[in-house]
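Single-structure report; data block below.
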Amino acid sequence: MRILLASVLLVASAAAAQAQPPAGALQMYDVPTGGKVQTVYIAHRIMKPGESIGLHTHDGEEITQVISGDFQVTADGKDTVYHAGGSFVIPRGVKHDGKNIGTTDAELAVTYVLDKGAPLRNAAQ
């Protein structure tokens with residue numbers, strides 16, 4: 001019985017870990033829009049110098065504001081650098097990556113508006 005319970009807890013904690021964002025505080029709200037429900041995620045991220053998110057897409061939009069630092073976004077093969085106070089929107093399905101290119105931490109306020117039930121991100125190559 002103990003082994004079964006331990007196995008169930010291990011599987012449950014692994015599934016919960018996969019459902020979590022890579023880092024930062026996360027809040028989520030379901031919002032009805034045009035006859036369907038979308039989930040809005042609000043996250044606070046701090047990225048170390050040189051840290052990269054990794055190439056990915058979303059089943060919805062990402063809206064990000066750079067609170068501090070220097071953050072480079074590569075979307076559709078084009079690099080754009082944003083500084084404190086800058087913001088950007090990544091449309092649904094666009095392959096993108098983000099990287100702290102500064103010498104200090106980059107602090108980001110990130111909002112995702114995704115299809116209800118969709119993963120927070122989809123790995124891309």
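The first residue in the sequence is number 1, and the count goes up from there.
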State, with a plain yes or no, whether a side-chain heavy atom of Ser52 is found less than 4.5 Å away from one of Asp97.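 Yes; the side chains approach each other to less than 4.5 Å.
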Name all residues meeting the side chain to side chain donor-acceptor pair (under 3.5 Å) criterion together with [X]; count only those two or more places apart in sequence or in a different chain, and write none if there are none.
X: Thr74; answer: Asp79
X: Lys116; answer: Asp30
X: Ser87; answer: none

Membership question, hydrophobic clusters at under 4.5 Å side-chain separation (ILVMFWY): are Met28 and Leu120 in the same one?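 Leu120 and Met28: one cluster.
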Report the residues that fulfil side chain to side chain contact (heavy atoms under 4.5 Å, CB included) with [X], sequence neighbours left out, ordered by chain and then residue number.
X: Thr103; result: none
X: Val40; result: Val31, Ile42, Thr111, Val113
X: Asp105; result: Ile46, Lys48, Pro49
X: Ala109; result: Ile67

How would you list all residue pairs meeting salt bridge (Lys or Arg N to Asp or Glu O under 4.0 Å) that involve residues 82-93, not counting sequence neighbours?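 Those involving residues 82-93 are Arg92-Asp115.
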Qualifying salt bridge (Lys or Arg N to Asp or Glu O under 4.0 Å) pairs, either residue in residues 55-66, two or more places apart: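 Not a single pair qualifies under salt bridge (Lys or Arg N to Asp or Glu O under 4.0 Å).
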Sequence neighbours excluded, every pair satisfying ring-ring contact (aromatic ring centres under 6.0 Å, His included) that has a member inside residues 101-125: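 As it turns out, the ring-ring contact (aromatic ring centres under 6.0 Å, His included) pairs with a partner in residues 101-125, which skip direct neighbours, are His58-Tyr112.
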Side-chain hydrophobic cluster, 4.5 Å single linkage: members besides Ile101: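 Val81, which link up through side-chain heavy atoms under 4.5 Å apart, make up the rest of the cluster.
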Of all residues at least two apart in sequence or in a different chain, which pass the ring pair (Phe, Tyr, Trp, His ring centres under 6.0 Å) check with Tyr82?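 For Tyr82, the residues satisfying ring pair (Phe, Tyr, Trp, His ring centres under 6.0 Å) (neighbours in sequence not counted) are Phe88.
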Go through the side-chain N and O atoms of His83 and Asp70 and say whether any donor and acceptor fall under 3.5 Å apart.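 His83 vs Asp70: donor-acceptor pair found between side chains.
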